[in-house]
Peer 1: 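What follows is a structure written as structure tokens; I'll ask about it next.
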Amino acid sequence: MPYPTAKRRKSKAKGIQFTVMVVGASGSGRTTFVNTLCEAPVLSHKDNSQTDSALVETGIDIKPVNVDIEEDGLRINLTVVDTPGFGDSIDNNPAFQQIVNHLERQYDDILAEQSRIKRNPKFRDNRVHVLLYFIQPNGHALTEIDIKLMQRLSNRVNVIPVIGRADSFTVRELKAFKKRIMEDIVHYDIPIYNFPYDVEEDDEDTIQENLELKSLLPFAVIGSEEEVEIQGESVRARVYPWGIVEVDNPDHSDFVRLKNAIFGSHLYDLKSLTEDVLYEAYRTEKLSRNTYAESPDVSLSPEDIAGHSYRLKEEQIRKEEEKLREIELRVQRDINEKRQELLAKEETLRNLEIRLQG
Ligand SMILES: Nc1nc2c(ncn2[C@@H]2O[C@H](COP(=O)(O)OP(=O)(O)OP(=O)(O)O)[C@@H](O)[C@H]2O)c(=O)[nH]1
């Protein structure tokens, strides 16, 4: 997880590029969440006054926006990629495809840049490091769209599921909803980013931190672009007739823990997983597709992605061992066949000898 100190220092001075994509049905609270996260009106709210537009299948409108933020002394050149319109159509396949195309286009761009003899100094790496997927706060379980989207995108991007507008739940309802979602994620084998750790390589604190974040999945967030004064302090909150819900209060939502994870403790992990594992897998896939008429299957299995790169190595070793076992079996089979042949020949010779002696 930790990045080399020199790299951290350099990025502190220059600022680090980081890209977040937000996907979720209309009304799930994406826009408010992004504006709360960036503490600025980065995205504008959709104009819902044209009611008939809901009937027109226009696909989604992928919109990257750049904003500079500062987190714990680190300057982040943040790109937010919004996907308004997702989930609005009857057939969501074109929307899935548009998102996949966007993710792959960023990989293609860097692939082209890396193969240039003279690098373009103005080139901007727009690979998406994390996709926050907004689950509708309906209290049931994952829908077919949720399952399909997360399954299809997880081998191209780190997916973190999020429950938007989480203040719609009581504490007990939220706990039960989170549990059902995680059961679905396990049941459908969805390789989300699950704060992986390595018991052999990571220290106790890292393991503990990752376990805590893992236990919060899916993150229940609330957003608000309003500020209210509480005990002389201005805080971001939602004001209701019965009380106030504070965005940054960890007792009210997981907002702060999610923000600290993606912009702090796990920023470099999300970046390195994107650049060293997901992109590398795409690159291998693409190059082998171009080299062979029939491409060998080099796509990552869900376990590889969820369990980070060391799982990849384990998988490779497992495959190698399997190959060796197959070779051993084949050799053993050949030896047995030869032995049988020899025995048969010996038998024939013995019979001949007996006949000759007789
Ligand atoms: N209760 C509650 N309402 C929220 C929260 N966040 C946003 N809302 C409200 O939910 C509605 C939709 O919020 P948006 O942020 O515009 O949702 P969106 O997903 O971006 O929707 P589109 O712009 O239509 O794509 C607005 O009325 C918001 O004020 C939240 O955390 N809790």
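Because the structure is predicted, anything quoted here is derived from the model rather than measured. Every heavy atom of this structure was used, including side-chain atoms; hydrogens, water molecules and symmetry mates were not. Read the numbers this way: they start at 1 and go in the same order the structure lists the ligands and their atoms.
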Peer 1: Of the backbone atoms (N, CA, C, O) and the side-chain heavy atoms from C-beta on, which set of Phe86 has a member under 4.0 Å from an atom of ligand 1: side chain, backbone, both, or neither?
Peer 2: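 No part of Phe86 comes within reach of ligand 1.
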Peer 1: State the atoms of ligand 1, each with its element, that fall below the 4.0 Å cut-off from a heavy-atom position in Gly29.
Peer 2: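 Listed by number with element, the hits are 13 (O), 14 (P), 15 (O), 17 (O), 18 (P), 19 (O).
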Peer 1: For ligand 1, note which part of Asp167 has a heavy atom under 4.0 Å away: side chain, backbone, both or neither.
Peer 2: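 Side chain only.
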Peer 1: Closest heavy-atom contact between Asp198 and Ile207?
Peer 2: O-CD1, 4.3 Å
Peer 1: Is it true that a side-chain atom of Glu225 and a backbone atom of Pro41 form a donor plus acceptor pair closer than 3.5 Å?
Peer 2: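 No; zero donor-acceptor contacts below 3.5 Å.
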Peer 1: Checking side-chain hydrogen bond (donor to acceptor under 3.5 Å, both in side chains) against Gln17, which of Asn66, Asn77, Thr79 comes through?
Peer 2: Thr79
Peer 1: Answer with side chain, backbone, both or neither: which part of Pro84 has a heavy atom less than 4.0 angstrom from an atom of ligand 1?
Peer 2: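 Near ligand 1, Pro84 shows nothing, with every heavy atom at 4.0 Å or more.
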Peer 1: Pick, from Arg30, Arg238, Glu226, the option with the minimum heavy-atom distance to atom 6 (N) of ligand 1.
Peer 2: Arg238
Peer 1: Say whether Ile222, considering both its backbone and side-chain N or O atoms, lies within less than 3.5 Å of an N or O atom on ligand 1.
Peer 2: no
Peer 1: Hey, looking at atom 13 (O) of ligand 1, which of Asp82, Thr32, Thr36 has the closest heavy atom?
Peer 2: Thr32
Peer 1: Heavy atoms only, cut-off 4.0 Å: how does Ala25 contact ligand 1, side chain, backbone, both, or neither?
Peer 2: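 For Ala25, only backbone atoms sit under 4.0 Å from ligand 1.
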Peer 1: Given that the side chain starts at C-beta and the backbone is N, CA, C, O, which of these parts of His45 lies under 4.0 Å from ligand 1, counting heavy atoms, or is it both or neither?
Peer 2: side chain
